[in-house]
2 protein chains.
Amino acid sequence: MNLTKSINRPTLHEELVERLRNLVVEDALKPGEKVPEKDLCEAFGVSRTPLREALKVLASEGLVVLQANRGARVAQVTREELENTFPVIAVLEQLAGELACQNLSGAGIARIEKRHDAMVKAFISRDRKVYFKANQDIHNALIEGAQNEILEAHHRMLAVRVRRARFMVNLSDERWAQAIQEHEQMMEKLRDRDATGLGQLMKTHMMNKYAAHIRALDPAPGDMAES
Amino acid sequence: MNLTKSINRPTLHEELVERLRNLVVEDALKPGEKVPEKDLCEAFGVSRTPLREALKVLASEGLVVLQANRGARVAQVTREELENTFPVIAVLEQLAGELACQNLSGAGIARIEKRHDAMVKAFISRDRKVYFKANQDIHNALIEGAQNEILEAHHRMLAVRVRRARFMVNLSDERWAQAIQEHEQMMEKLRDRDATGLGQLMKTHMMNKYAAHIRALDPAPGDMAES
DNA sequence: TGACTGAATTATGAATTCATAATTACGTTT
DNA sequence: AAACGTAATTATGAATTCATAATTCAGTCA
């Protein structure tokens with residue numbers, strides 16, 4: 001009788017980590033904004049202790065910046081940070097692709113195929129919202145398919161930080177079409193269980209996404225006003 | 001006048017994160033052992049509040065496991081975890097190698113060359129302690145040389161967890177010689193600034209290290225007693 | 001003797017309190 | 001009115017307190 005992880009009433013601070021993380025990711029707390037302990041305590045109906053614990057965790061994830069005696073601010077996603085993050089995500093996805101080819105079951109591949117079809121449909125009808133969701137599902141499924149918790153954890157950490165940039169908003173038609181094409185190729189490799197092939201594609205897919213993003217938010221690097 | 005990060009009196013909990021992390025990494029707190037809040041508070045002369053904050057952070061780094069109402073235990077490094085960790089470190093090192101070739105200054109390369117020589121000397125005199133130190137320095141220098149903070153942060157996180165396994169203890173003479181040879185090749189690539197070459201080597205170097213480690217601690221996977 | 005029950009003890013999670021740093025508001029001076 | 005200095009207010013870091021879950025230990029009964 002294995003009762004591992006049976007009852008789990010999540011501890012307060014864990015709950016708070018979750019909820020605060022969501023607030024940050026979903027942009028309810030804007031980058032640079034300071035995080036008002038008191039208000040959040042009232043909002044969540046908890047004391048400062050667990051909330052502060054949660055903030056420490058969020059800080060270690062890089063979602064929040066702590067300044068001694070000045071509390072917490074939502075971390076800014078600087079251009080430099082993005083530039084640094086994408087290559088790392090890219091190699092993690094590469095590895096994920098390789099491992100997924102080796103470790104995914106036939107049923108697992110089929111499930112991804114389904115999601116892929118849904119994504120293509122969303123592309124055809126130009127439904128951005130559904131597209132984004134399906135896209136994310138596919139990437140997550142591939143990461144999961146790698147069956148490597150460490151990889152998954154670190155990928156998630158990085159993905160969260162990037163997602164906050166909400167760069168998909170300005171997805172050009174060209175880039176969109178290209179992305180779909182890349183996904184088609186990825187599915188091919190996955191069906192063939194071509195590990196290195198899928199890895200390669202996933203890496204370049206991510207770097208292309210990055211390039212498009214940079215182009216989109218660009219008014220030339222380096223001339224952002226200090227305010 | 002740029003006064004960014006001038007005065008920084010580290011906050012108590014940050015200090016504690018540091019010190020506790022060291023205790024775990026240096027094996028003063030053994031895996032599986034429970035972390036006694038009270039004793040540590042007395043030892044450090046602080047109250048439970050900052051110590052517990054620190055534990056939450058360590059938990060999010062995976063060095064410690066929290067069980068609700070049962071406090072913290074030092075995380076076990078399971079075989080599965082190691083198996084999952086090494087490939088991730090490997091691809092991060094690969095990326096680091098590529099970036100280091102592009103971003104390191106001549107002086108930076110020279111510095112690494114020096115450390116490399118020191119390491120070889122330690123190998124010749126079979127001085128394990130000096131060797132390990134030099135080896136770690138080289139890897140760290142290459143990671144730093146990549147000049148990508150995100151990469152560095154995630155690499156450090158993973159390296160810490162692996163280092164705890166202290167697998168270098170049982171380094172066979174064959175593997176040791178092989179490792180030196182691999183490092184020689186790496187230096188060559190670095191001198192030539194052959195980015196993909198160095199990346200490739202660093203990846204396989206890490207995977208070889210892993211293989212040797214597995215061989216060393218192996219009495220066949222899967223038959224570790226539950227105790 | 002050995003397994004079970006339940007009280008006593010201890011440890012933990014979370015709220016509260018306290019001391020101090022940071023910020024704001026106000027008054028003074030020029 | 002603008003700039004400075006000072007007092008009041010607020011927010012933060014950390015210690016303390018409190019309630020409760022977990023553990024230990026003694027006593028009971030089979």
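In what follows, every chain begins at residue 1, and chains take the letters A, B, ... in the order their sequences are listed. Small disclaimer: the values here were computed from a predicted structure and weren't measured.
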Query raised in the report: Which residue pairs pass the side-chain hydrogen bond (donor to acceptor under 3.5 Å, both in side chains) test with at least one member in residues 97-112 of chain B, sequence neighbours excluded?
Result: none
Report task. Mind jotting down which residue pairs meet the ring-ring contact (aromatic ring centres under 6.0 Å, His included) criterion with at least one end in residues 92-114 of chain A? Sequence neighbours excluded, please. Result -> none
Query raised in the report: Dot-bracket for DNA chain D, 5' to 3', with Watson-Crick and G-U pairs under 3.5 Å, [ ] for crossing pairs and | for other-strand pairs: what is it?
Result: ||||||||||||||||||||||||||||||
Query - Residues forming a side chain to side chain contact (heavy atoms under 4.5 Å, CB included) with B:Met207, sequence neighbours excluded - result: B:Pro87, B:Ala90, B:Tyr210
**Report entry** side chain to side chain contact (heavy atoms under 4.5 Å, CB included) involving A:Arg48 - partner list, sequence neighbours excluded
**Finding:** A:Glu37, A:Cys41, A:Arg52
Report task. Write down the distance between CD (B:Glu14) and P (D:dA14), rounded to a whole number of angstrom. Result -> 9 Å
Query raised in the report: Roughly how many Å is it from CG in B:Asn69 to P in D:dA21, rounded to a whole number?
Result: 7 Å
Query raised in the report: Who pairs with B:His116 by ring pair (Phe, Tyr, Trp, His ring centres under 6.0 Å), at least two apart in sequence or on another chain?
Result: none
Listing time: all N or O pairs from protein to nucleotides 15-20 of chain C that are below 3.5 Å?
| unit_1 | atom_1 | unit_2 | atom_2 | d |
| --- | --- | --- | --- | --- |
| C:dA15 | OP2 | A:Ser47 | N | 3.0 |
| C:dA15 | OP2 | A:Ser47 | OG | 2.4 |
| C:dA15 | O5' | A:Ser47 | OG | 3.3 |
| C:dA15 | N7 | A:Thr49 | OG1 | 2.8 |
| C:dT16 | O4 | A:Thr49 | OG1 | 3.2 |

Report task. Starting from C1' on C:dA14, measure out to CZ on A:Phe44 and report it in whole angstrom. Result -> 16 Å
Report task. Look at all strands and tell whether B:Glu53 reaches a base, only sugar-phosphate, or nothing, counting heavy atoms closer than 4.0 Å. Result -> nothing
Query raised in the report: For atom CD of A:Glu113, is the number of surrounding heavy atoms from other residues, nucleotides or ligands below 6.0 Å larger than 12?
Result: yes
Requested in this report: Quickly work out the A:Leu55 CG to C:dA14 C1' distance and round it to whole Å.
Outcome: 16 Å
**Report entry** B:Lys38: partners by salt bridge (Lys or Arg N to Asp or Glu O under 4.0 Å), with sequence neighbours left out
**Finding:** B:Glu42
Query raised in the report: Side-chain contact, heavy-atom cut-off 4.5 Å: A:Leu171 with A:Phe132?
Result: yes
Report summary line: B:Glu37 atom CD is separated from D:dA21 atom C1', nearest whole Å, by 14 Å
Query raised in the report: Who are the salt bridge (Lys or Arg N to Asp or Glu O under 4.0 Å) partners of A:Arg73, not counting sequence neighbours?
Result: none
Report task. Using whole Å, report how far NZ of A:Lys34 lies from C1' of D:dA11. Result -> 10 Å
**Report entry** Distance, rounded to the nearest Å, where B:Leu51 contributes CG and C:dA11 contributes P
**Finding:** 14 Å
Query - Distance, rounded to the nearest Å, where B:Leu66 contributes CG and C:dA11 contributes C1' - result: 14 Å
